[in-house]
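Working notes for the structure below.
Lettering of chains follows the sequences in order, A, B, ..., and the numbering in each one begins at 1.
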Amino acid sequence: MARGQGAALDRKKLMADPIMVTTIVLLITFLTLFILYPLAILLVDSFVGDGSFGFSIFKRIFAMPTFTRAITNTLKVGFVVGIFSSLIGLLFAYVEVYVRMNRFAGGLFKLVSLLPVVSPPFVLSLSMIMLFGKAGIITRFLLHIYDNSVYGYWGIVIVQTLTFFPVCYMMLKGLLKNIDPSLEEAARDMGAGRWKVFADVTLPLMLPGLGNAFLVTFIESIADFANPMIIGGSYDTLATTIYLQITGAYDKAGAAAMAVVLLCITLLMFAVQKYYLEAKTAATLTGKASRGPMLIEDKSVKVPLTIFCSLVALFVIMMYICVPIGACFPTWGYKFFPLTGKWFKQVFTRYHGFKAFKDSFVLSLIASPITALLSMIISYLVVKRKFKAKGFIEAVSMLAMAVPGTVLGVGYIRGYSGGLFHTGVLQGIYGTGLILIIVFVVRSLPTGTRSGISALRQIDKSIEESAYDMGADSLKVFMTVTLPLIKDSFLSGLVTAFVRSITAISAIILLVTPSFLLITVQINEFAEKGSYSLACAFATILIIITYSAVLLMNLFIKYFGTSRKIKED
Amino acid sequence: MSNAVIIKDAVKKYGDFIALKGVSLDIKEGEFFTLLGPSGCGKTTLLRMIAGFNSIEGGEFYFGDRLINAVPAHKRDIGMVFQNYAIFPHLTVEENVAYGLKARKVPKAQIEPRVKEALELVQIAHLAKRKPNELSGGQQQRVALARAFVIEPSVLLMDEPLSNLDAKLRVQMRTVIKKLQRKLGITTIYVTHDQEEALAISDRIAVMKDGVIMQCGTPTEIYAKPQNPFVAGFIGVSNFLDCTMEQDGLVDIKGELKVKVPVKSTYTGPARLSARPEQLFFAEAGMPGEVQFSTFLGDFIEYEVKLDDGQNLIVNEYTKDTTEVHEAGEKVFLNFDPQRISVYEAESEEVITC
């Protein structure tokens with residue numbers, strides 16, 4: 001009884017707040033149209049694409065050896081990359097938390113954790129080819145190996161591992177710091193040595209977190225389009241196969257069915273990660289560390305660990321540096337000196353550089369405030385409000401996290417090229433800048449929402465309630481109380497959305513029309529053609545843009561942010 | 001098995017800050033010894049030095065006659081109970097308790113009965129298969145205790161083990177700990193900031209302040225004969241009065257009262273007197289004052305009395321000794337038993353009485 005009354009009261013309260021209701025309705029429409037519908041149409045298409053309902057399309061694609069090979073390839077790469085990345089990530093996290101490093105090593109670690117944030121997806125593949133390829137600087141000119149091939153399985157594994165391990169490193173570092181040091185001290189005073197403490201206490205506590213890192217990387221690896229595209233050679237993964245199925249074979253129904261298969265794999269992983277491992281991690285690591293852990297003093301452990309990690313870090317950093325340098329070689333693979341600016345010049349004079357940067361920049365610039373605001377509104381509703389559709393909003397925006405860009409791209413093609421359900425409604429947006437902006441928004445929404453939720457959870461509900469008491473409506477409360485309190489998180493959401501948009505490729509490459517030139521698409525094109533110097537020049541400028549954006553944000557937060565006061569608590 | 005713990009001139013530095021300024025202790029075999037002091041006094045620092053978790057900047061630490069300065073934590077043969085229990089969340093109660101035995105390579109056949117016995121001693125044998133997150137705070141505390149003593153360590157260390165429990169459970173658990181320690185006879189070093197807990201549980205107490213030991217003694221010694229105003233104020237409640245020390249143990253209190261106290265020094269001059277609330281009583285003559293406030297607390301009545309010079313004193317009168325209740329505004333005289341008070345030099349704060 002009381003519960004029914006409470007729900008009725010909640011509903012009444014909500015209906016008395018028209019702004020809130022409008023927002024919720026608009027949100028649900030947006031999420032349905034641009035996340036749920038494109039995925040639903042994939043399902044529909046793959047079952048009824050050729051006129052009759054049934055499994056005929058699935059039968060057809062599973063009969064293609066290229067497709068079945070792509071599945072095994074993708075899973076193989078994902079599995080190995082997941083393991084390598086989480087292990088290297090764990091090593092880095094362990095060294096950072098348990099070893100007091102000198103400033104040089106500390107700086108290296110910090111740089112490594114920052115690089116994947118600002119770098120476009122191709123960078124490591126490009127430099128891998130330039131350093132270790134057939135005409136690679138290291139392989140050919142230092143080691144005089146003339147037939148080294150970096151294309152294929154190992155190329156993808158190495159490049160993806162180096163791309164994704166910093167993410168694991170950051171995740172696991174957070175967990176390690178949360179382990180109560182007295183747990184390890186307790187094991188030690190009962191007679192366990194350092195290694196036994198690690199094996200008996202630290203590792204078991206980290207296990208769910210490690211599984212989590214493994215699966216997150218697995219999903220990222222499976223969804224990755226750019227690296228397999230450039231360095232995969234003939235080793236096709238699902239993402240590239242789907243892309244070729246559409247752009248090469250013009251088999252849209254087949255691509256839709258393949259996309260459904262890829263989506264099922266990532267969704268399954270995502271479900272395991274989200275509902276099983278995350279809960280387990282929280283259960284074992286609730287303690288807040290009151291003091292720092294016992295540092296490793298033993299030089300025979302400390303020195304090799306630090307040196308190994310520093311070398312890996314140096315290697316990664318070298319690969320990033322290689323890109324701008326590669327853009328300055330007169331003829332890559334043949335003539336390295338004197339360094340030249342001619343490629344940069346050609347980018348702008350011959351290859352419509354300005355237009356590419358303008359298009360990428362403007363579209364991302366429009367998309368990022370929309371993304372940031374949307375994700376803040378979603379997280380606000382999820383954390384602070386109670387209403388029926390809340391579960392739907394939360395689930396759909398989290399679902400977007402598990403959807404690979406390629407799948408989304410195919411979904412948009414199938415869903416909008418002929419209008420909604422092929423009726424011509426909304427067909428107008430297909431092929432325009434608008435649909436690109438929408439894709440940017442949808443692709444960055446999950447990350448923004450996740451960080452928004454964690455920022456909002458830290459704000460006491462009573463602060464907002466007191467504003468309501470004084471007569472402010474929900475819009476006013478959100479704009480004057482909530483938003484200012486999460487200003488920093490909003491700002492970093494803005495920049496993250498911008499960086500993610502301007503470096504996006506997987507969904508965009510399927511939807512972009514010749515009227516728009518996007519930098520990432522250009523990089524992909526030149527890398528495909530083997531014009532690595534031009535690709536590097538484009539990539540360098542992209543890195544400069546993204547890095548400046550992050551730098552600008554940090555400066556802004558430093559001088560106008562609210563977080564400094566909060567952090568001191 | 002159990003060891004005496006001897007500490008000579010322990011020094012701990014954090015950069016320029018000296019946390020321990022040469023602390024010496026002589027803890028006897030099988031003794032329940034408490035380090036008591038306000039936060040920041042260095043008690044936990046000292047405990048963690050004994051455990052081997054903090055580096056030792058100076059001094060010598062002995063377990064029995066074994067110098068342990070250079071021995072790593074896991075070879076010191078200690079059991080420790082942490083403030084937040086530090087129970088392994090991924091292991092069951094049983095596995096938690098068995099951990100130390102396994103780490104010491106105790107034969108498998110012995111592990112099970114010893115774990116069982118330990119769990120029975122702390123009365124949680126029925127919880128053996130549970131995971132820590134299925135236990136209440138008090139039960140987790142018992143697991144932590146069992147885990148620490150089951151390895152029969154030469155020294156048992158406890159770092160504010162009761163501070164996360166509610167008041168009632170705290171009283172209950174301190175009796176459990178005390179009885180257990182008596183039964184097992186393991187030398188125990190206990191850290192707390194709660195003076196009542198320290199008095200209730202310890203054989204001897206070292207009261208610490210700013211990295212120095214202010215007084216070391218049995219609970220009764222420390223309560224009855226505090227060696228300096230800090231200890232007098234920190235342990236229980238004390239009233240302080242300015243006075244003048246004259247020849248032959250004569251104490252002059254503001255010209256209103258003159259008493260003779262037993263002294264061990266020949267100091268004369270300005271001094272401070274401390275008296276417990278229950279040692280002050282209402283009398284026919286003595287220090288004149290006015291009752292400000294009375295609080296009836298069942299077994300005794302607490303009065304706040306304002307002396308004529310404006311100073312407030314706390315006086316406790318036991319209800320079994322009197323039926324009369326003094327009302328606010330009543331003029332009274334206060335007196336005390338000169339044998340049971342302490343007098344300190346005003347400057348050096350050294351004790352004069354014995």
Side-chain angles (χ1 to χ4, degrees), chain A residues 97-100 172 175-212 276-302, chain B residues 14 44-45 47-48 50-55 68 71-91 95-106 131-134 140 143-161 164:
Chain A
V97 174
Y98 288 88
V99 176
R100 187 173 291 132
L172 296 172
L175 291 180
L176 271 181
K177 280 194 170 161
N178 259 340
I179 292 184
D180 186 341
S182 47
L183 285 175
E184 294 174 341
E185 289 167 3
R188 249 169 104 68
D189 68 30
M190 284 186 282
R194 170 77 63 179
W195 174 249
K196 198 163 163 50
V197 171
F198 179 78
D200 288 354
V201 180
T202 319
L203 199 59
L205 288 177
M206 292 290 291
L207 221 46
L210 265 176
N212 208 2
Y276 181 67
L277 286 175
E278 268 188 10
K280 261 203 150 167
T281 316
T284 51
L285 295 177
T286 45
K288 267 226 162 129
S290 48
R291 50 172 184 270
M294 285 184 80
L295 297 174
I296 300 178
E297 304 292 351
D298 186 354
K299 282 225 162 60
S300 67
V301 182
K302 190 173 147 178
Chain B
Y14 293 109
T44 299
T45 303
L47 191 79
R48 291 173 61 80
I50 299 171
F53 299 138
N54 277 352
S55 60
I68 53 140
V71 179
H74 64 287
K75 297 199 173 133
R76 286 195 186 186
D77 192 24
I78 47 177
M80 183 150 172
V81 179
F82 292 81
Q83 185 169 6
N84 50 6
Y85 321 136
I87 300 174
F88 305 133
H90 58 297
L91 303 181
E95 288 164 346
N96 261 286
V97 177
Y99 187 89
L101 297 174
K102 284 182 189 155
R104 278 152 205 260
K105 309 227 160 51
V106 171
K131 280 277 178 74
N133 58 6
E134 301 163 327
Q140 292 190 24
V143 178
L145 268 175
R147 189 178 68 176
F149 71 70
V150 73
I151 55 180
E152 293 168 4
S154 48
V155 183
L156 192 57
L157 306 177
M158 299 198 192
D159 184 8
E160 309 218 15
N164 283 351

_Restricting to ring pair (Phe, Tyr, Trp, His ring centres under 6.0 Å), what partner residues turn up for A/F198, sequence neighbours left out?_
A/Y94, A/W195
*asked:* Quick one, A/M190 and B/M80 - any side-chain contact, counting heavy atoms below 4.5 Å?
replied: no
*Locate the shortest heavy-atom distance separating B/R147 from A/A186; write the atom from each residue and the value.*
NH2-CB, 3.3 Å
*Carefully, step by step, assess B/F53 and A/D189 under the rule side-chain contact (heavy atoms from CB on, under 4.5 Å).*
CA-CA 9 Å; B/F53 299 138; A/D189 68 30; 4.0 Å; yes
*Checking heavy atoms, do the side chain of B/A73, its backbone, both or neither come under 4.5 Å from chain A?*
both
*asked:* On a heavy-atom basis, which atom in B/H74 and which in A/A192 lie closest, and how many Å separate them?
replied: CB-O, 3.1 Å
*To the nearest 0.5 Å, what is the distance between NZ (B/K102) and NZ (A/K196)?*
8.5 Å
*Contact part of B/I87 toward chain A, heavy-atom cut-off under 4.5 Å: side chain, backbone, both or neither?*
backbone
*With rounding to the nearest 0.5 Å, note down the distance linking NE2 in B/H90 to CE in A/M206.*
12.5 Å
*Contact summary for A/V201 and B/Y99, nearest pair of heavy atoms*: CG2-OH, 4.2 Å
*Say you draw a straight line from CG of A/L183 to CZ of B/F88; how long is it, rounded to the nearest 0.5 Å?*
6.5 Å
_Where at least one partner belongs to residues 202-211 of chain A, residue pairs that pass salt bridge (Lys or Arg N to Asp or Glu O under 4.0 Å), sequence neighbours excluded_ = none
